[in-house]
Amino acid sequence: VAVAAVLLGREKARPRVFVAIGIAGIGMVLVGLTGGDGSGHVVPLGALLAIASSAWYAGYLLAGERIVKNVEPLVLGCLIATGGAIGFSAGSAVLGQFQFEFSAKALLWFALSALFSTVFAVTAIMAGIDRLGPSLGGLLTTFETPSTIVYATIVFGERLAPLQWLGAGLVLAAVVAVQLPNLRTATVSAG
């Protein structure tokens with residue numbers, strides 16, 4: 001996102017952001033490559049899909065930056081979630097996979113996931129992009145990696161290798177480090 005924003009002339013290149021992106025990237029690689037048996041085996045199709053997903057997400061954030069200037073983040077988040085629900089429902093129906101044979105507990109988890117992991121998350125990232133710009137907003141979304149790790153540990157009982165914990169720590173450190181100048185500037189301005 002940061003590279004595209006700079007190349008498109010939407011933001012100035014900020015060395016601190018690019019260093020933080022590198023640190024977060026190393027952290028995500030440590031989380032991904034040191035899991036399971038620790039062999040670091042990479043499935044080429046999986047890696048290609050991950051790279052394509054990242055490129056798509058960068059485009060999504062850059063487009064979101066333009067749209068959020070004219071639409072309130074909450075309204076935009078609801079529109080995105082509704083569009084996703086319609087699209088996935090239609091796709092499931094066409095593939096013959098549309099079903100509701102789930103327990104009440106499963107439906108509760110689906111609803112909570114939709115509200116927090118989709119509506120709240122999309123609204124928050126759009127509000128963040130509106131206030132911070134796409135590069136910093138995109139960097140802050142890397143917080144999703146350690147959050148997912150904690151979630152998988154608590155809910156699914158997954159165990160993490162020490163290098164995975166280190167990777168998650170690097171992601172968090174990158175997010176905090178890139179925010180420190182803003183916090184200092186806000187403190188000086190307020191004082």
Got a sec, which residues hit ring-ring contact (aromatic ring centres under 6.0 Å, His included) with Y60, two or more places apart in sequence or on another chain? Y57
Would you mind listing the cluster partners of F110? Hydrophobic ones only (ILVMFWY), side-chain contacts under 4.5 Å, chaining allowed. F102, L107
Using residues 119-134 as the side-chain source, report each donor-acceptor pair under 3.5 Å to any protein atom, sequence neighbours left out, with the distance given to one decimal.
unit_1, atom_1, unit_2, atom_2, d
T123, OG1, V119, O, 2.7
R131, NH1, A127, O, 3.1

Quick check: do L74 and C78 have side-chain heavy atoms less than 4.5 Å from each other? yes
Kindly compute the distance separating CG (L108) from OG (S113), expressed to the nearest 0.5 Å. 11.0 Å
A20 versus A174, closest heavy-atom pair with distance: O-CB, 3.3 Å
Could you tell me which non-hydrogen atom of G27 sits nearest to which non-hydrogen atom of L170, and how far apart they are? CA-CB, 3.9 Å
Which donor-acceptor pairs under 3.5 Å do side chains of residues 92-99 form with protein atoms, sequence neighbours excluded?
unit_1, atom_1, unit_2, atom_2, d
S92, OG, F88, O, 2.9

Any side chain to side chain donor-acceptor pair (under 3.5 Å) involving residues 62-84? Give me the pairs, sequence neighbours left out, ordered by first then second residue. R10-E65
Side chain to side chain contact (heavy atoms under 4.5 Å, CB included) filter on S103, not counting sequence neighbours, yields K105, A106
S89 side-chain N/O to A85 backbone N/O, donor-acceptor pair under 3.5 Å: yes
Considering all heavy atoms, the nearest I67-L76 contact: CG2-CD1, 3.7 Å
